[in-house]
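Read through the structure below, which is laid out as structure tokens, and then see the notes.
Given the structure is predicted, the values throughout are model-derived calculations rather than measurements.
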Amino acid sequence: MDTPQAPRSVPLVIACALTIERLALRGARSAAGPVTVVRSGMGPRAAERAMARALDGAALRDAAVIASGFCAGLVPGMHPGDLIVAEETRGPAGTTVCTDTEVLAKALVEALPGRTVHTGPLIGSDHVVRGPERADLRATGAIAVDMESAATLAVAQQAGSRPVAAVRVVVDAPEHELVRIGTVRGGISAFRVLRAVLPAFFEWHRSLPLPRR
């Protein structure tokens, strides 16, 4: 008689672009399954290549994917340290709808009490957005912009149907424009906020249905 096998856990891939983001996400662990943190480097092309490599193998074939790191807020009144939960990501490859955003937003509110969590479309760019271009992107309905999330999730979906999400920490907003990304290491709390999102990621991960055998 065959012995029943335990349900297989869904692996989790957390994708980021920068070394400082990778440091914030270092030591990721989840009881729901194995976690892999992938640092791609900056820009959509780098994100596409890194995600294609990460998912090209049996171990991560069914992996859920979260794109994370820093972003620029587009909505007046946003502040560094605010959180963005993408309802969808938009880029040249089209729109990717994110999975269980309500669960993720609620988990972030619980993990980071006092932090503002914004939900809405996250748009992709191939360069750092500044000045008037920020208002142009806001006019499309997007609430934030970064260079990697849309590319990451598009490739993840092209590689097979899977849960996907994007969570970003605002470091640059209409009234708080950065001169350079290195400023992130200064007085704002973006690094600590990014570090603190991990329990919410794991709650979202645990909520996912198990893959079919």
Side-chain angles (χ1 to χ4, degrees), residues 5-41 44 46-71 83-89 96-112 115 117 119 122 124 146 148-169 190-213:
Q5 294 180 321
R8 183 163 54 92
S9 297
V10 180
L12 175 63
V13 172
I14 304 173
C16 61
L18 303 176
T19 299
I20 189 172
E21 295 167 342
R22 177 66 181 84
L23 289 172
L25 297 165
R26 182 175 55 187
R29 297 289 184 271
S30 171
V35 180
T36 301
V37 179
V38 174
R39 187 185 73 82
S40 65
E48 289 171 355
R49 291 192 296 269
M51 187 50 47
R53 286 195 302 268
L55 300 179
D56 185 21
L60 298 178
R61 181 180 58 212
D62 299 321
V65 174
I66 297 178
S68 194
F70 305 130
C71 72
L83 287 149
I84 303 296
V85 176
E87 294 176 339
E88 63 185 31
T89 58
T96 302
V97 177
C98 296
T99 306
D100 290 343
T101 55
E102 298 88 351
V103 171
L104 192 46
K106 181 180 177 182
L108 286 166
V109 169
E110 293 174 353
L112 292 104
R115 288 288 173 187
V117 178
T119 60
L122 176 62
D146 77 272
E148 296 84 25
S149 292
T152 295
L153 299 195
V155 169
Q157 287 290 353
Q158 289 164 10
S161 179
R162 71 188 70 247
V164 294
V167 175
R168 292 275 169 171
V169 180
F191 179 90
R192 294 191 298 275
V193 172
L194 186 58
R195 180 79 173 176
V197 301
L198 289 172
F201 288 5
F202 301 154
E203 180 63 28
W204 177 83
H205 187 203
R206 283 190 290 269
S207 77
L208 300 175
L210 294 171
R212 297 178 181 175
R213 286 193 173 272

Rounded to the nearest 0.5 Å, how far does [atom2] of [Y] lie from [atom1] of [X]?
{"X": "Asp56", "Y": "Arg61", "atom1": "CG", "atom2": "CZ", "result": "11.5 Å"}
{"X": "Asp62", "Y": "Leu208", "atom1": "CG", "atom2": "CG", "result": "12.0 Å"}
{"X": "Leu104", "Y": "Ile66", "atom1": "CG", "atom2": "CD1", "result": "6.0 Å"}
{"X": "Leu194", "Y": "Leu18", "atom1": "CG", "atom2": "CG", "result": "10.0 Å"}
{"X": "Leu55", "Y": "Arg53", "atom1": "CG", "atom2": "CZ", "result": "11.0 Å"}
{"X": "Leu23", "Y": "Cys16", "atom1": "CG", "atom2": "SG", "result": "9.0 Å"}

How far apart are the closest heavy atoms of [X] and [Y], and which atoms are they?
{"X": "Val10", "Y": "Ala64", "answer": "CG1-N, 3.8 Å"}
{"X": "Ala46", "Y": "Gly41", "answer": "CB-O, 3.8 Å"}
{"X": "Ser40", "Y": "Ala50", "answer": "CB-CB, 3.5 Å"}
{"X": "Ala54", "Y": "Val38", "answer": "CB-CG2, 4.0 Å"}
{"X": "Ser68", "Y": "Val167", "answer": "OG-O, 2.9 Å"}
{"X": "Cys98", "Y": "Ala166", "answer": "SG-N, 4.1 Å"}

Let me see the working for Glu148 and Met51 under side chain to side chain contact (heavy atoms under 4.5 Å, CB included), right down to the final yes or no.
CA-CA 10 Å; Glu148 296 84 25; Met51 187 50 47; over 6 Å; no

Are any of the side-chain heavy atoms of [X] and [Y] separated by less than 4.5 Å?
{"X": "Thr36", "Y": "Leu12", "result": "no"}
{"X": "Ile14", "Y": "Leu198", "result": "yes"}
{"X": "Phe201", "Y": "Val35", "result": "no"}

Look at the side chain of [X] and the backbone N and O of [Y], then say whether any donor-acceptor pair between them is shorter than 3.5 Å.
{"X": "Asp100", "Y": "Val103", "value": "no"}
{"X": "Glu21", "Y": "Phe70", "value": "yes"}
{"X": "Gln157", "Y": "Arg162", "value": "yes"}

Would Leu60 and Val13 satisfy side chain to side chain contact (heavy atoms under 4.5 Å, CB included), going step by step from the backbone distance to the final call?
CA-CA 8 Å; Leu60 298 178; Val13 172; 3.9 Å; yes

Given Arg22 and Val37, is the side chain to side chain contact (heavy atoms under 4.5 Å, CB included) satisfied, shown in steps?
CA-CA 7 Å; Arg22 177 66 181 84; Val37 179; 3.3 Å; yes

